[in-house]
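So the structure is just underneath, and the comments pick up after that.
Computed from a predicted structure; not experimentally measured.
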Amino acid sequence: MFNDIWGGNLKNFLIKTKNSIITYCKTNILFLTFIITNVFNAWLLRFFSVKNALELKPILADLAIVIIIGAFAYLFKPKNRFKYYFTWSIIFTIVCVINSIYYNNFLSYASFSLLATSLQAASVADAIVQNVMELKDFIYIFGPMTLLIINGGLKRKGYFNKIVQNGKVMMLNTLVMGVITIGFFISMLTSLDVGRFGKQWNREYVVMKFGIYLYQFNDLVISVKPQISPLFGYDEHARDFREYYDNKDYTHKNNEYTNIFEGKNLLVIHAESIQQFTMETSFNDKEVTPNLNRLASEGMYFTNFYAQESVGTSSDTEFTFNTSLMPSSNGTVFVNYWNREYLTIPKLMNEKNYYTFSMHGNNCTMWNRNVVHEAFGYNKFYCYNKDFNIDEVLGLGLSDKSFFKQAVPKIKDISNKYNNFYGVLIMLTNHTPFAAASTIDYDVDFKYEKLNEETGEMETVSAPYMEGTTLGDYFKTVHYADEAIGQFINDLDEAGLLENTVIVIYGDHDAKIKKAEYKRFYNYDPYTDTVISSKDENYQNVDSYSYELNRKVPLIIWTKDKELQKKINVKIDKVMGMYDVMPTLGNMFNFSSKYSLGHDIFNIDDNIVVFPDGDWLTNKLYYNSQKGEWKLLNPEETVSMDYIDDRNAYAEEIINISDSIITYDLIKKTRESKELIESAN
C-alpha cells in the first residue's frame with residue numbers, strides 16, 4: 001500500500017513537472033530562443049577560436065549572463081519584449097563578430113580599450129576590409145535573425161495576446177535561476193582562474209574559463225582603469241614595485257662589448273613588419289632581403305629576437321625598445337598612459353649631450369607620436385607633410401625610399417650642428433595590407449625548365465606560387481623595404497655620415513598574416529600548381545607553436561668601421577626580446593636604466609622572453625600560458641616542473657611590475673619622493 005501511494009505520488013509529481021515544463025516552454029518561446037541562440041553563439045566562437053567546446057565552465061558563465069540580462073524583459077508586456085531581446089541579441093552578436101575577426105587575425109580577443117585607439121585604425125581601414133574579414137565571422141548573425149523570424153511567426157498566430165504572466169514574479173524567478181547558475185559556475189573556479197580574471201592580461205585564458213560575455217563585461221570594467229586605478233590600490237602596487245627593485249642586482253657586469261660604441265652616433269631603423277624568416281627566403285635565386293643579409297653578415301645578428309607588442313603594435317614596440325618595460329595590459333601607453341614619466345633612451349642620451357630626434361613618413365598624430373615623442377625626450381619629431389615633401393605616396397603614407405632620401409640631408413644638418421646624435425627612423429611602406437605590392441618589380445612565382453613538346457626544346461615556364469596571395473604581396477613589399485634600407489645606407493655613406501655612426505635595425509613586429517597563408521608557402525607543388533596533401537611525407541604542418549616561433553623579427557647592429565666590425569661580427573642564437581635591447585645597447589654606449597626589465601643579452605645565459613599575454617620563451621621551450629601547455633625546442637631535452645613554475649611566476653611578476661609602473665606613474669612618484677626627502681635633509 002505504501003509503495004502504491006509513493007508510486008502514485010511520484011507519478012503525479014513527474015506528470016506535473018512535465019506539464020509545467022511544457023507550459024513554461026510554450027509561454028516563454030522568445031526568452032528560450034534568446035537564451036539558446038546567444039549561448040550557442042558564444043559556444044561557436046570558442047569552437048572556432050580556443051577550441052575548448054566541451055568545457056562546462058564557460059558555457060555556464062555565458063548561460064548565467066544571458067539568463068540574467070534576459071530576465072529584465074519580463075518587466076515589459078509580452079508583445080513589447082521582442083525589442084528588448086532583439087537589442088541585446090544584436091549586442092551579443094556584435095561581441096561575437098568583432099572577437100571572431102580579431103581572434104582570426106591576432107590570436108587574441110578584442111578589448112574596450114581598443115576604442116581609445118579606434119582613430120588610429122582610420123588610416124588602415126583598407127587593411128581591415130581587405131585582410132581580416134572571413135565569411136565565418138558573420139555566422140553569428142543567425143541569432144538575431146532566428147529571433148526575428150520566430151517573433152514574426154508568433155505575432156501572426158496572435159501568440160502574445162494569449163500570454164498571461166506576472167512579469168515581476170517571472171523576472172525574480174528568472175534572476176534566481178541565473179544566480180543559481182552563477183553559483184554552480186563559481187564552485188568550479190580555481191584560484192588561478194580568479195587571479196587571471198582580475199588581471200585580464202591573459203585574454204585567451206579568461207575566455208576559455210569565463211566565456212566571452214563575462215570576459216567582455218570584465219574588460220569593460222578594467223578598461224576604465226587609466227581613469228580610476230590611480231585612485232585605488234596604489235599602496236599595494238607601490239610596495240611590490242619597491243620590493244622588486246630593492247631586490248634587483250644593480251651590479252654592472254662588464255663584458256667584451258662594454259663601452260665599445262662610446263662616443264659613436266646611433267641611428268635606429270624601425271623596420272615595419274619585417275620578420276626574420278624573410279631573410280632566409282628567395283625566389284628564383286633572388287633573395288627577398290639582400291641588403292639586410294649583407295648587413296647581418298658584416299655586423300651583429302640576433303637570429304632569435306622577438307617583439308613583445310600587444311594591441312598597440314608599432315607603438316608598443318617603440319615603448320618597449322625605449323624603456324625596457326612591457327606594453328600595457330590595458331590599452332596602449334601611447335594613447336592611454338602617455339602622460340606618465342618613463343626613463344627612456346632619448347633622455348639617457350640627452351644626459352650624454354646627444355641630440356635626439358625621430359622621423360616618420362606618416363601623419364604626425366598617428367599613435368599620438370607628436371605628443372609621446374616629446375614626452376620621451378626626443379628633441380625633435382620630423383613627420384609627414386610638416387617636415388617632408390610628399391612626392392611619392394605608397395600604401396599609408398610617404399614611400400620609404402623618398403622618406404630615407406629626404407632624411408639624409410636633415411641628418412647631415414644635425415651632424416653639422418651637434419657633436420653626437422641619436423635618431424630613430426620609422427618605416428611605413430611594408431605595413432599591412434601591403435598595398436604597394438602591385439608597383440614593385442619582384443616576382444614571387446616559381447620558374448623552372450620544361451620540355452616544349454611542339455618544339456622539342458626546353459623552355460622556362462612560371463608557376464604562380466605566391467603571386468596573388470597576401471603572403472606574396474608581403475614578400476614584395478619586404479623586398480622594397482630592403483631596397484630602401486640599402487639605398488639609405490649608401491646615401492648616408494656618400495654624405496659622410498657613417499664614419500662615426502652605428503646602425504641598429506629591428507623588425508617592429510610580425511606581419512599579422514594568417515596561419516593558413518603559410519600552408520601554400522611551405523607545401524606548394526609548382527608542377528601541379530596545388531598544395532600537397534597533408535598525408536604527403538613532405539608536408540610541413542604549420543601548427544600554433546611553429547606559427548608563434550616564426551613571428552620572430554630581425555635585430556642587426558652594424559657599423560662601417562672595419563675594426564669594430566671584426567669585434568662585433570657574430571651571430572647570436574639565444575632568445576632575446578625587445579625589452580633586452582635597451583640594456584644591451586646601454587652596455588655598448590655606456591648608459592643604463594635602473595628600471596629595465598630586460599637584460600644585457602651578453603650577461604645572461606638562460607634568457608626568457610615574456611609576452612604581454614603571459615606566454616614565454618626560453619632557449620629550451622615555448623610556454624602557452626592560456627592552455628598550460630608547452631613545446632620543447634629540443635625534443636631530446638627535458639625540463640622539470642620547477643623550471644616551468646619558476647618562469648611562470650617570473651612572467652607574471654614582471655607583467656605586474658610593468659603595469660604598476662605605467663598605471664600608477666611610479667617612476668615619477670619615486671623621483672618626487674626622493675627629491676622631497678633630499679630637500680628635507
Exercise. Show the numbers, then the answer: is there a salt bridge (charged side-chain N to carboxylate O under 4.0 Å, His left out) between Lys669 and Glu341?
Key: CA-CA 9 Å; Lys669 287 183 171 61; Glu341 182 174 310; over 6 Å; no
Within a strict 4.5 Å, meaning less than it, do heavy atoms of the [X] and [Y] side chains meet?
| X | Y | answer |
| --- | --- | --- |
| Val95 | Tyr140 | no |
| Ile69 | Phe92 | yes |
| Tyr234 | Leu666 | yes |
| Ile29 | Tyr159 | yes |
| His509 | Glu272 | yes |

Would [X] and [Y] count as a close aromatic pair, with their ring centres under 6.0 Å?
| X | Y | value |
| --- | --- | --- |
| Phe142 | Phe40 | yes |
| Phe82 | Phe76 | no |
| Phe210 | Tyr215 | no |
| Tyr74 | Phe31 | yes |

Self-check item: OH/Tyr84: more than 12 non-hydrogen atoms of other groups inside 6.0 Å
Solution: yes
Quiz prompt | Salt bridge Glu548-Lys631, side-chain N to carboxylate O under 4.0 Å | solution = no
Exercise. Please determine if Lys512 and Asp510 form a salt bridge, counting it only when a charged side-chain N lies under 4.0 Å from a carboxylate O.
Key: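 Yes, this pair counts.
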Quiz item: Does the pair Asp659 and Tyr664 meet the rule for a side chain to side chain donor-acceptor pair (under 3.5 Å), with working shown?
Solution: CA-CA 8 Å; Asp659 273 345; Tyr664 295 95; over 6 Å; no
